[in-house]
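This report concerns only the one structure given below.
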Amino acid sequence: MASESGHLDLEVLEELKDVMEDEFVELLTTYLSDAEVKVAGLKSALAENHHENLRNFSHSFKGSSGNLGIQLLAELCAQVEALAKDERSSDAGAYIDEIDAEFQLVAVEMQKIIAQQ
Amino acid sequence: MDDQAEGSERLKILIADDNATDRMILRKIVQSSGHVVVEAGNGIEAVEQFEKAQPDLVLLDALMPEMDGLEAAQQIKVLSADDLIPIIFLTSLTDAGSLADCLNAGGDDFLTKPYNATVLKAKIAAMSRLRKLNTTVLAQRDRIAEYNHQLIREQEVAKSVFDNIAHPGCVDASNIKYILSPMAVFNGDILLAAQTPSGNLLVFLGDFTGHGLPAAIGAMPVAETFYGMTLKGFAMSDILKEINRKLGHILPSGVFCCGCMVHLNFRKGVVNVWNGGLPDAVLLRSESGEIEKIPSFNLPLGILKPDKFDAASKVYECAEGDRFFMGSDGMTEEQNEAGEMYGEERYFAVFENNNDPSVVFEELQQSLKAFCPSDDQGDDHSLVEITFCQDEAVDTGHQEEVKQSVVDSGPREWLLTYELRSDTLRIFNPLPLLTHVIREVPGLSSQSGDLHTILAELYYNALDHGVLGLDSKMKATSDGFSEYYRLKGERLDALEGATVKISLEHNPTPAGGVLMIRIEDSGKGFAYQELNKSFASNNVYCGRGIPLLYELCREVRYEGKGNIVEVEYEWPQATVEQDGS
């Protein structure tokens, strides 16, 4: 497995591949489709200034990203989660934009890995 | 795939996480250890799946939409009741407060994200061990409860069997007072009382070593022997010998029965006491208010071999109103809160300070109660009082049931002659055997009390006054009384060439029958010609029970030099005169 970029932690993915065996690809595609739902959810919660939804989406996205070793996304989600918890959702706009951009890059790299399997 | 975590069985594990990817990773890790997975996407689903699938272990995400993990954990813990279904919280929370919340909600452990397969497998294995331990403890708890239940049920059954066999007989007679624990049989205490065929009273108080079932088991043969032999007319010494023999045979070493047996002959004013291991029995004289202690001179029952066992009893003359007391050592050994024993001194002081003998029994109880007021253990002692009174005044309330045989069957016309010689006279009591023969006659089985009395009077007159030449006048004074029994033993030992010949003859009559009893002894006889005169003047022959014979029999004849007596007993009795003696 090879990747020139720093958006994925290849070591973690290697371990996951050992654990998941033939379900590794399914794990990655599930992550990608799930992540799209989460990013969309983050955006609409921000638009509605809905603290609870924002907190739930960011917490969940943080967890699934962390488990796949996608550290930067996980950290950005943690920032959003903290703001939502403090009911400062309106301050989270910049972070959510960054999450959106970062996810696009992660998705591209992940598609490459999927193609290699 | 099949590398099952060491020592862990195949578990059903519920994974509750709202992230599809997290669930996938967890499922894969868990399945690779050989376990079965059930999944839930939020807290509500988790509780539903828990009820439906009944998993052995739960992996629960702390933060989930709908219902969070903390609340789900609380509901799951309520649902699992006594069973330990471990919950491992899945959390990316790391602050101490949040982790503590997980444990307080019923979590048993937690696993932090990102997940590590090795750590999770080890935790599942650890929880599985904990679960097994809990299952074992619960199973043992249930088994202990079940055993205990069964033990109590068995004891109840045993108690009802014991109560039927070791029933206290005629202990509710109007002249007997007693206290006995309702569970006495399991405390090892036993109280038996029965009327002998000749109308005397035989009472036994026993105290087995130990408690519970082992102590209770001995009560059955004792009761059976006591009632069976008393009914058949055996003497107290024979009954004691048999009980001792039986217990010696049955009981394991170290288990025996302390006991006191008392035979009260109200008609003759004689009390026989045998005490083996119980505290001093007490005779309270009604005239003087003085007490006589009757200590134990014997080892308890069930210890000595039959040839070493001494069934000889102490003989006491008693008058109307005299009271006899015996109790188990539970009374004197009762302890107060300071651990001090009630003791014999306090016990006997009650007798000494008593002014009204009719309440001394109650005073004894009050004295004990005053000594240890916290009387929750007061069940552990037994005490009996028997008042000496005219036998006809005793309402025994309970009679051994006599089987009524069909009138038409059984021997009706027969003659039996039975001659006893010196060696036999010394040691053998023929009355049970003769009573048994007589009882076979239809119509006489219900009269066996009277007949036993008649036979006993005739036989002991022949033996004591005829063969042994003892003077009944000796018994008039209490010194003479004990001298009488001393001489009797001495002369029995020296007996040679003596005989007592007993003839029983039964002939039917249209309405019933007549039993003739003829007894001839080898003694010198007596001047029976003066009998009628002495009847009227003084009661010089009273000791021979002759007036009683006249009352019970339709004919009483003395023959020869007075060494032959013949009586006729008719049944059914012409007159129904039961009262007065």
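A, B, ... follow the sequence lines: proteins, then strands. Residue 1 opens every chain. Everything numeric in this text was worked out from a predicted model, so none of it was measured.
- Side-chain atoms of I44(B) and E48(B), non-hydrogen and from C-beta on, do get closer than 4.5 Å to each other.
- With no hydrogens or angles considered, a side-chain donor-acceptor pair links S60(A) and N19(B) at under 3.5 Å.
- Of the two parts of E26(A), the backbone and the side chain both hold a non-hydrogen atom closer than 4.5 Å to a non-hydrogen atom of chain B.
- Interface remark: L28(A) contributes no atoms to any contact with chain B (heavy atom separation under 4.5 Å).
- Heavy-atom pairs under 4.5 Å with chain A were tallied for D18(B), I25(B), N116(B); the largest tally goes to I25(B).
- Contact count against chain B (heavy-atom pairs under 4.5 Å) is highest for L27(A) among N56(A), D34(A), L27(A).
- Looking at heavy atoms from C-beta onward, I99(A) lies out of side-chain contact with E102(A) at the 4.5 angstrom threshold.
- Here side-chain hydrogen bond (donor to acceptor under 3.5 Å, both in side chains) pairs that include residues 78-87 of chain B, with residues two or more places apart or in two chains, are D82(B)-R141(B).
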